[in-house]
Amino acid sequence: MSYLHEISEPVVEVQDLNMYYGAFKALDSVGMKIAKNRITALIGPSGCGKSTFIRGLNRMHETVPGARIEGKVLLDGEDVYAENVDPVRVRRKVGMVFQKPNPFPTMSIYDNVIAGIKLGRRHKKSELDEIVERTLNQAALWGEVKNKLKDSGMSLSGGQQQRLCIARTLAVEPEVILMDEPASALDPISTQKIEDAIQDLKKSYTVVIVTHNMQQASRVSDYTGFFFIEEMGAPGQLWEFGETERIFSNPKRKETEDYVTGRFG
Amino acid sequence: MGEAAWPSLPDCFFIRRGVILNLFKRLRRGNLGDNIFGFVVLLFGVSILVIMAGIVFQLWLQSAPSREKFGWSFLWSTAYDVQRQNYGAGVFIYGTLVTAFIALILAAPVGVGIAAYLVEIAPRRLNRVVGSMVELLAAVPSIVYGLWGFYALNPFLRDYIAPPLQAVLGWLPPFSGEFVGTSVFTASVVLAIMILPTVAAVSRDVLRAVPDAQREAMLALGATRWEMFSRAVLPYAKSGVLGAAILGLGRAAGETMAVTFIIGNNPQIFKSLFGQGATIASEIAAKWQEASGLTLPVLMELGLVLFAITIIINISARLLVMLLVRGPRGGLRA
């Protein structure tokens, strides 16, 4: 089912997206619009294709052997799967934060933040310093690490590592930031800090966040998409999509209601 | 990589203690078949240690006259004087280390490149083909490499590779001098080919041990595959790759037949790679039949030295590889 009508000026528009792992169809004809400078949460039971879906938005899906895709993903009106589009360019515009923090263990905190921008044009030292401070601030980590920027990224706690990964993603200045259950491996206090950071991000970024945590979805997001599989082995579908408030207070479909009220999941 | 995949040290100990306890229990129960089985397997296990110890003991015993005469200075003396019966291991240690290092310098980039191709780029089917081809290289008998090196590679290097090298780098001592017959250079190239499978196979395992999360992190930042490999995978795997290289070094240092064929067995501190030299292994292989008087104990002590060198190299390499494959780095620590 597609929900293309609700958002007038989308950054990303997904049309009739089918995703496969080899012969297995993981996602069936998903259509979605993602609003600019808003937070879109994707919820649903495990294995329903939420993570697969966001990996389709920045072309990370195709790094899995045998993975394949049909349909269109328009980023600012341009299909990211068009033949002349370089996936590397797509990923610079659509950044990603993963479920488990994955800082580069051989790099310092400072070098972790600038790992992405060092791939592009050369920057002056003063420019880099400014970017590191700004992005670490945005990720709500600056105060905790400003005196040990040269230490290894691995010296940080799990929650701090995840915020470091957020800063690293911000440094590349993507338009859209995808987050795949960014707080699921963290304690409540770290989760709180990351949620606060995400709230601030929507001033300048568009955020898509996958979460298993219903409270988190209702707290941070403006729009919510509910993914669902009808039976084991069937592909995931976008079951319902809309403004977060409506999805949680007045869902149109029974399964959505059951899920958001915690009756299954 | 799940943490449960690697039992911690106390666990190992506990399991092993458990096995031994069980053995005793069975002994008391008097289950004859199991007793015999346990005993025989134990014997096989212990036999490795006994053989190792036996080799070292014999080398030590038989090298006594040489050790008494030359003392510790045997290790660095470069004397090789048949008339005065004055010998040192210096020339041979030099030859061994230089050929092994050159082989490593040639083989390491190629081996890591093969590993990178297999792990990062090759499609699954090709992966298996190329992988087994590389392993086949290791199955070619040493003597075949020797023959091929002597009759095919040496003339080729002499006629087509050495002249341009000399034209450009001839002002450097290692590339000066004449390429007459067989040479240290040819020996090193053959060694490089022989250790390539070791370097490639171990590097491949090490690169596979790098978590995909590291690759994805770099790709998601907008890295190309090359940037992903050079900035995320290789730095993460560097100690393991170094270990792979050192394992190759160990193989090169101990290699005998091919080198004996090619290096010329001329005990001297060669300055030019196009000259001749000798390694510990080639010296032993070339001289043992005519050894008499003091030369046999000298060869035995050379064997002891080679044994020590390869063991030190191998242990340090395995430690480096183990550090990487087992080390809880990257990902979540909590």
Side-chain angles (χ1 to χ4, degrees), chain A residues 54-55 58-60 62-66 86-107 111-120 152-162 164-165 168-174 177-178 180 184-187 190, chain B residues 1-4 116-128 130-131 206-243 320 323-334:
Chain A
I54 63 165
R55 290 171 64 90
N58 66 342
R59 296 192 63 169
M60 284 299 283
E62 68 204 51
T63 64
V64 178
D86 182 1
V88 169
R89 222 185 71 218
V90 175
R91 292 177 199 137
R92 312 226 94 199
K93 286 190 185 169
V94 185
M96 188 164 211
V97 177
F98 296 85
Q99 189 172 356
K100 276 190 181 175
N102 52 0
F104 301 117
T106 56
M107 294 183 194
D111 287 336
N112 258 289
V113 177
I114 62 170
I117 33 180
K118 271 171 89 180
L119 299 168
S152 161
M154 300 311 291
S155 65
L156 302 175
S157 73
Q160 291 173 321
Q161 285 183 19
Q162 191 63 302
L164 177 61
C165 293
R168 179 175 74 184
T169 304
L170 296 177
V172 189
E173 293 187 11
I177 299 170
L178 309 172
D180 190 356
S184 68
L186 306 177
D187 62 88
S190 298
Chain B
M1 224 173 38
E3 281 186 1
Y117 173 73
L118 290 176
V119 176
E120 308 294 348
I121 298 188
R124 243 179 273 172
R125 212 174 295 163
L126 210 60
N127 194 329
R128 223 171 282 159
V130 177
V206 161
L207 294 182
R208 281 217 178 114
V210 176
D212 276 340
Q214 291 289 314
R215 295 187 174 87
E216 295 201 324
M218 202 43 110
L219 282 181
L221 290 172
T224 61
R225 282 195 161 260
W226 161 246
E227 286 166 334
M228 173 200 84
F229 182 73
S230 62
R231 295 177 191 221
V233 178
L234 213 49
Y236 191 98
K238 68 180 176 220
S239 70
V241 169
L242 191 67
L320 280 171
L323 270 182
L324 177 87
V325 177
R326 289 195 175 185
R329 295 165 53 193
L332 198 64
R333 291 204 312 169

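The structure displayed is predicted, hence computed values, not measured ones.
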**Trace of the side-chain contact (heavy atoms from CB on, under 4.5 Å) decision for B/Arg231 with A/Phe104** = CA-CA 9 Å; B/Arg231 295 177 191 221; A/Phe104 301 117; over 6 Å; no
For [X] against [Y], the heavy-atom pair lying closest together:
X: B/Ala220; Y: A/Met96; result: CB-CB, 3.9 Å
X: B/Gly222; Y: A/Arg92; result: O-NE, 3.7 Å
X: A/Val172; Y: B/Leu221; result: CG2-CD2, 3.8 Å

**Item:** Atom CZ of B/Arg128 with >12 non-hydrogen neighbours under 6.0 angstrom
**Value:** no
Heavy-atom distances under 4.5 Å only: say whether [X] touches chain B with side chain, backbone, both or neither.
X: A/Arg89; value: neither
X: A/Lys118; value: both
X: A/Val88; value: both

**Prompt:** So do the side chains of B/Gln214 and A/Pro105 get within less than 4.5 Å of each other, counting heavy atoms only?
**Reply:** yes
**Item:** Partners passing side chain to side chain donor-acceptor pair (under 3.5 Å) against A/Arg55 (at least two apart in sequence or in another chain)
**Value:** B/Glu216
**Prompt:** Atom CE in A/Met60, atom CG in B/Leu219: separation rounded to 0.5 Å?
**Reply:** 5.0 Å
**Message:** If I take atom CG from residue A/Asn102 and atom CZ from residue B/Arg215, how far apart are they, to the nearest 0.5 angstrom?
**Reply:** 12.5 Å
**Message:** Among B/Ala223, B/Ala217, B/Ala232, B/Ala213, which residue has the highest count of heavy-atom pairs closer than 4.5 Å to chain A?
**Reply:** B/Ala217
**Qualifying residues under salt bridge (Lys or Arg N to Asp or Glu O under 4.0 Å), relative to A/Arg59, sequence neighbours excluded** = A/Glu62
